Structure formats: C-alpha cells, structure tokens
> 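Before anything else, here's the structure in question.
All values reported here derive from a predicted model rather than from experimental measurement.
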Amino acid sequence: MTGVTLKVASYNIHKGVGLDRKRDPERILTVLREMDADVIALQEADRRYGLREAVLPRAALDDHSPWRVIEPGHYDSARTASSMGWHGNALLVRRDIEVLGACAVPLPTIEPRGAVCVSLRIAGQMVRVIGMHLDLSGLRRRAQVEAVCSHIAGHDEQGHAVMMGDMNEWSAARGALAAFRAPLQVLAPGRSFPSRRPLAQLDRIVISEGLTVEGTGVHHSALAAVGSDHLPVWANLRLP
C-alpha cells in the first residue's frame, strides 16, 4: 500500500490535575510519550486566568520531546513567554514535519472558547489540523462546529483536514456533530470520559475526504487512567 501514515491524537489534560488531585505535568508528558503521535491536540493546557501560564513546562517540550509547540500568534509578547496555545488549546507537531503556518480560530461563544489551526506539508501534501474544545453548555456548540468548518473551507489552497478535540457532545446521532457534514467523517475512537470508568465519547476526530483510517482507539494506560479526567484518543491516518 502506498502513502504516508500520520498518527494524530487528542487529549484534554485537565490543567495537569489528575484524579488524585495532584498537578503533575511530568505524568502528562509521559502519557504523551506513550502515545507517540505525530500531531497532538491538547485541551485545558493552561491555567486559564491571568497570564494563562502553560501547564506543561516549555523547556521540557522544547529540549526533551520530539514535538514543537505551535504558536497561533494570538497573545502579545508578555503572555507568550508563559502561555501556550489559545484558550487552553495547544498543538504539538513532530519536529520533522514541515510547518507552514498557524493561527487562532475565533469561535462564537458565551464562555471563553477557541480553536487553533496549523498548516503542515507532509510528503508534498497540505494537511491542516485544528484542535478545539467546544462549548460545555451546548448553546453555541453547533455554531462553533460551523465556524471551524468555514475556516477550513476558506483557504485558497485546499488540502486534507483533521479536526479534533473535546467536543463535549454526548449524542452520536444528534447535536453538534451533525454539523460536520459529508464528505467529512466523524470518527469515534471510543469512550474517553470519565477516565476512571469511561462512559461517553466526548473526544472525537473528524477527517476530510481522501484520508484512509487505518485504526483508532483510546489510550488507556495506568498513568492515563489517573492523569486527567479524560483519556486520550488517537487515529492512524493514511495520506494518499
């Protein structure tokens, strides 16, 4: 079979606070290393208030990980030194992947929400990845999905698209997920929330036409079971 395989993953890290009520960034980093994905979307990756200090130490990512942190260019220089991503959404990309650009994606919202987008060149093909954390109340969730889809469709140079994150959507048949219209495909890697005894498939991965799904799943290791209230989800995708 020809093509290139890309492993993507999404993980709501709950500000680094595990079920033991301890904030343990190194535990989160270990879970990320266990997954060994090429592109990772993180949610709740900062302290939310003030300077929105990053949960994961930048030095550990910059100097001791295979990923680079994607900066959407939204915060001013004073915040950039201590923050990561936008509204808690961050993207990590393996260092050997070419990054063409990144931006924040504003979402219609009542509470602070946002998404981040990175444009990648992989084996000569354009791949755009969006990480998001959708509305908890559900009042604006469908409008947020439509905003993300409009952002993807609005680029002059089209390519493959991967949209992933904590969708906060309990219904698989109704609700906001229906706004990801065909030919987009909504993947359900498995039950990921709550991590101790997963009941809901809140964490989803959505892909555009042309990408082949080789496998999906929920990463359920001993550390992941206590590291956050969500378990990470992943998908292996083949580019044509």
Side-chain angles (χ1 to χ4, degrees), residues 6 8-13 37 39-46 70-75 84-93 99-120 122 126-189 192-193 201-211 213 216 230 232-235 237:
L6 179 72
V8 299
S10 179
Y11 190 14
N12 184 330
I13 65 173
V39 183
I40 304 171
L42 300 177
Q43 301 88 49
E44 297 192 24
D46 65 19
I70 301 303
E71 295 293 354
H74 177 75
Y75 289 130
M84 185 169 68
W86 190 39
H87 286 306
N89 294 281
L91 289 170
L92 306 180
V93 175
V99 176
L100 302 179
C103 65
V105 182
L107 299 181
T109 182
I110 297 174
E111 55 187 322
R113 293 291 181 186
V116 290
C117 177
V118 64
S119 298
L120 308 172
I122 302 174
M126 171 70 75
V127 180
R128 287 191 177 89
V129 179
I130 289 186
M132 70 191 87
H133 190 181
L134 300 187
D135 179 44
L136 182 61
S137 71
L139 297 175
R140 297 293 178 87
R141 205 177 295 147
R142 179 181 285 267
Q144 290 171 348
V145 170
E146 291 171 348
V148 169
C149 292
S150 294
H151 178 83
I152 287 292
H155 289 273
D156 292 335
E157 183 183 355
Q158 291 296 302
H160 306 292
V162 179
M163 296 166 276
M164 55 185 172
D166 181 356
M167 307 293 184
N168 269 320
E169 182 60 71
W170 288 71
S171 173
R174 301 185 303 276
L177 297 182
F180 290 111
R181 297 180 178 88
L184 295 174
Q185 182 180 357
V186 181
L187 308 181
S192 57
F193 178 85
Q201 302 184 65
L202 301 187
D203 303 280
R204 299 289 187 125
I205 299 172
V206 182
I207 63 172
S208 63
E209 189 176 27
L211 295 172
V213 181
T216 65
H230 286 246
V233 298
W234 57 269
L237 308 173

> In Å, rounded to the nearest 0.5 Å, how long is the span from OG1 of T109 to NE2 of H87?
7.5 Å

> Quick one: are W234 and P189 in side-chain contact, heavy atoms under 4.5 Å?
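No. Closest side-chain heavy atoms not under 4.5 Å.
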
> Supply the atom-to-atom distance M126 CE to H155 NE2, rounded to the nearest 0.5 angstrom.
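Going from CE on M126 over to NE2 on H155, the span is 8.5 Å.
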
> So which heavy atom on Q43 is nearest to which on G165, and how close?
NE2-CA, 3.5 Å

> Angle between ring planes, H230 versus F193, binned at 30° and 60°: parallel, tilted or perpendicular?
tilted

> Do the side chain of D135 and the main chain of R140 share a donor and acceptor less than 3.5 angstrom apart?
yes

> Would you say D166's side chain and H133's backbone share a donor-acceptor pair under 3.5 angstrom?
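No, because the side chain of D166 does not come within donor-acceptor range (under 3.5 Å) of the backbone of H133.
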
> Is the shortest side-chain heavy-atom distance between L184 and M163 below 4.5 Å?
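Yes, side chains in contact.
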
> Kindly say whether P108 contributes a backbone atom to a donor-acceptor pair with the side chain of Q144 at under 3.5 angstrom?
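Confirmed, Q144 side chain pairs with P108 backbone.
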
> Mind listing the closest non-hydrogen atom pair of P106 and A147 along with its distance?
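It is O-CB, 4.3 Å.
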
> Identify the heavy atoms of V186 and L177 that sit nearest to each other, and give their distance.
CG2-O, 4.2 Å

> Kindly give the heavy-atom pair with the smallest separation between E71 and G85, and that separation in Å.
OE1-N, 4.1 Å

> Looking only at atom types and distance, does a side-chain atom of R204 sit under 3.5 Å from a main-chain N or O of M167, one as donor and one as acceptor?
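Flag not set: sc R204 to bb M167 has no pair under 3.5 Å.
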
> So do the side chains of S119 and E157 get within less than 4.5 Å of each other, counting heavy atoms only?
no

> Nearest 0.5 Å, please: how far is CD1 in I152 from CD in Q158?
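With rounding to 0.5 Å, CD (Q158) is 8.0 Å from CD1 (I152).
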
> Can you see which heavy atom on T216 is nearest to which on A235, and at what distance?
CG2-CB, 3.8 Å

> Short question: side chain of R128, backbone of L120 - any donor-acceptor pair under 3.5 Å?
no

> Tell me which one of V233, I40, V39, V206 satisfies side-chain contact (heavy atoms from CB on, under 4.5 Å) with M164.
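Looking at V233, I40, V39, V206, the match for M164 under the side-chain contact (heavy atoms from CB on, under 4.5 Å) is V39.
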
> With side chain to side chain contact (heavy atoms under 4.5 Å, CB included) as the test, would you mind laying out the steps for I70 and V116 before giving the verdict?
CA-CA 9 Å; I70 301 303; V116 290; over 6 Å; no

> Once you round to the nearest 0.5 Å, how far does CG of L91 lie from CH2 of W86?
13.0 Å

> Would you compute the distance between atom CD1 of I130 and atom SG of C149 and round it to the nearest 0.5 angstrom?
8.0 Å

> State, to 0.1 Å, how close G159 and S208 come at their nearest heavy-atom pair, and which atoms those are.
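In this case the closest contact between G159 and S208 is O-OG, 4.3 Å.
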
> Could you give the distance from CG (L237) to CG (L187), rounded to the nearest 0.5 Å?
7.0 Å

> Check whether any side-chain heavy atom of H160 lies under 4.5 Å from a side-chain heavy atom of I207, and answer yes or no.
no

> Quick one: does any side-chain atom of E169 pair with a main-chain N or O of A176 as donor and acceptor, under 3.5 Å?
yes

